[in-house]
Amino acid sequence: MTVVDNIDPEIVCVNDISETVASGSTTAVVIFDAPVASDNCEFTVEQTAGLASGSEFPLGTTTNTFVVTDAAGNTATCSFDVVITDDEDPTLECPAPINVNVDEGTCGAVVEFSTPKGFDNSGYVTVTQIAGPVSGEVFPVGTTTVTFQVEDASGNTANCSFTVTVNDNEAPEITSVANITQNVDVDSCSATVEYELPTAADNCEGVEV
C-alpha cells in the first residue's frame with residue numbers, strides 16, 4: 001500500500017508594511033514577524049524574494065515572498081509588500097541679496113547669479129526658478145524678489161528667495177537755452193521775453209523740468 005501526501009501546506013504572511021525613511025537616510029529598518037505555516041506533515045519555510053526582517057529597506061516597494069514546502073514536495077506561497085516613503089523635505093540655499101546700480105543709459109541692470117544648490121537625503125533633487133527674471137536678464141529699478149524651488153524624487157519641496165535691488169544713480173541731462181539779448185519794449189523800461197523750456201532726458205521715464 002502506498003500513501004501519498006497530496007495536501008498542500010498553508011502559509012500566512014503579515015499584512016503590508018509602510019514606513020518612512022530615517023532622518024538623513026534613504027532607507028528604513030523594518031522588523032516583521034515570520035509567516036505562519038502549517039501542514040499535515042513536516043515542512044520547511046524559505047524566503048524566496050525580498051529582504052530579511054531587520055534589514056534596511058530602500059525607498060519604494062519591496063515584495064517579500066515566502067514558500068512553504070512539505071516532505072512530499074507540495075508548496076504554498078505568500079507575499080507582502082514593504083513600502084518605504086520619504087517625507088523629509090529637501091533644503092535649498094539661496095545667494096545673499098544683490099545690490100547694483102543701473103547700466104549706463106538703461107533704466108535697469110543686467111544681473112547674473114548662480115542657481116542655488118539643493119540638498120536631500122535621497123541625493124536626487126531638481127531646482128526650478130518659480131519667480132523673478134532669470135539670470136542674465138535686465139532687472140528694473142527697485143527691488144525684485146527671485147524665488148527658487150527644490151523638489152526631491154518623492155515630491156517633497158522647499159523654497160528660498162533673495163532680492164535684487166537696482167539703484168538709479170544716473171543723473172538726468174538737460175539742454176541749455178542760448179543766452180537771449182533783447183531790446184526794451186516801446187515806452188517801457190523792460191521787455192517781455194519768451195523762450196522755450198529746455199529739454200531733459202534720463203535713463204528712466206518721468207523727467208520733469
Side-chain angles (χ1 to χ4, degrees), residues 1-97 113-136 145-163:
M1 178 179 292
T2 302
V3 178
V4 177
D5 178 9
N6 62 353
I7 299 176
D8 290 337
E10 296 180 353
I11 187 169
V12 178
C13 282
V14 298
N15 294 328
D16 292 344
I17 299 173
S18 295
E19 296 284 352
T20 58
V21 294
S23 179
S25 174
T26 58
T27 62
V29 174
V30 178
I31 299 174
F32 53 85
D33 294 331
V36 177
S38 62
D39 190 54
N40 58 316
C41 295
E42 293 182 357
F43 60 86
T44 59
V45 177
E46 179 185 9
Q47 184 172 359
T48 59
L51 299 173
S53 176
S55 299
E56 293 189 358
F57 282 73
L59 277 171
T61 301
T62 301
T63 299
N64 290 336
T65 302
F66 291 84
V67 176
V68 57
T69 305
D70 66 14
N74 301 306
T75 63
T77 302
C78 72
S79 298
F80 66 95
D81 291 334
V82 175
V83 181
I84 306 299
T85 56
D86 176 13
D87 61 355
E88 184 170 337
D89 290 337
T91 59
L92 190 63
E93 297 179 359
C94 273
F113 49 84
S114 299
T115 298
K117 293 183 178 180
F119 303 91
D120 188 58
N121 57 315
S122 69
Y124 174 81
V125 294
T126 56
V127 178
T128 306
Q129 184 173 346
I130 60 174
V134 300
S135 176
T145 299
V146 178
T147 302
F148 283 85
Q149 182 177 85
V150 59
E151 182 175 0
D152 67 14
S154 297
N156 302 307
T157 61
N159 294 350
C160 75
S161 298
F162 65 97
T163 57

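Since this is a predicted model, take the numbers as computed values, not measurements. Nothing fancy with the numbering, it's 1 onward along the sequence.
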Note to self: Taking CD1 in Ile130 as the centre, count heavy atoms belonging to other residues, nucleotides or ligands within less than 6.0 Å. Is the count above 12?
What the structure shows: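 It does: Ile130 CD1 has more than 12 such atoms within range.
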Taking side chain to side chain contact (heavy atoms under 4.5 Å, CB included) as the definition, give me every residue that meets it alongside [X], ordered by chain and number, with sequence neighbours left out.
X: Ser18; answer: Val83
X: Thr44; answer: Thr69
X: Asn121; answer: Val21, Asp86, Glu88

Margin query: Tell me whether Glu93 contacts the main-chain N or O of Pro95 through its side chain, where contact means a donor paired with an acceptor under 3.5 Å.
Written below: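 No, the answer is negative, given that no donor and acceptor are paired below the 3.5 Å cut-off.
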Check: Nearest heavy-atom pair of Asp89 and Asn156: which atoms, and what distance?
Finding: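 Closest pair (atom of Asp89, atom of Asn156, distance): OD1-CB, 3.5 Å.
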Next item on the list: Could you tell me which non-hydrogen atom of Ser161 sits nearest to which non-hydrogen atom of Thr147, and how far apart they are?
Entry: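 Here Ser161 and Thr147 meet closest at OG-OG1, 2.8 Å.
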Item checked: Summary of ring pair (Phe, Tyr, Trp, His ring centres under 6.0 Å) pairs that have at least one residue in residues 9-54, sequence neighbours excluded ->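 The answer is Phe32-Phe80.
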Check: With sequence neighbours left out, which residue pairs that include part of residues 3-22 fulfil the ring pair (Phe, Tyr, Trp, His ring centres under 6.0 Å) condition?
Finding: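 Every pair satisfying ring pair (Phe, Tyr, Trp, His ring centres under 6.0 Å) with a residue in residues 3-22: there are none.
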Looking at [atom1] of [X] and [atom2] of [Y], how far apart are the two atoms once the value is rounded to the nearest 0.5 Å?
X: Glu10; Y: Asn40; atom1: CD; atom2: CG; result: 10.0 Å
X: Asn74; Y: Asp8; atom1: CG; atom2: CG; result: 5.0 Å
X: Thr75; Y: Asp39; atom1: OG1; atom2: CG; result: 10.5 Å
X: Phe66; Y: Cys78; atom1: CZ; atom2: SG; result: 7.0 Å
X: Asp87; Y: Ser23; atom1: CG; atom2: OG; result: 9.5 Å
X: Ile17; Y: Ile84; atom1: CD1; atom2: CD1; result: 8.5 Å

Note to self: Under the criterion side-chain contact (heavy atoms from CB on, under 4.5 Å), I'd like the reasoning laid out for Thr128 against Glu151: C-alpha separation, chi angles, the key distance, then a yes or no.
What the structure shows: CA-CA 8 Å; Thr128 306; Glu151 182 175 0; over 6 Å; no
Checklist line | Residue from Thr65, Asn64, Thr48 passing side-chain hydrogen bond (donor to acceptor under 3.5 Å, both in side chains) with Ser79 | finding: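 The passing option is Thr65.
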Checklist line | Distance-only side-chain donor-acceptor flag, Ser154 / Asp152, under 3.5 Å | finding: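 Asp152 and Ser154 do not have a side-chain donor-acceptor pair below 3.5 Å.
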Donor-acceptor list for residues 56-63 side chains, cut-off 3.5 Å, not counting sequence neighbours:
{"from": "Glu56", "atom 1": "OE1", "to": "Thr27", "atom 2": "OG1", "distance (Å)": "3.2"}
{"from": "Thr63", "atom 1": "OG1", "to": "Asp81", "atom 2": "OD1", "distance (Å)": "2.7"}

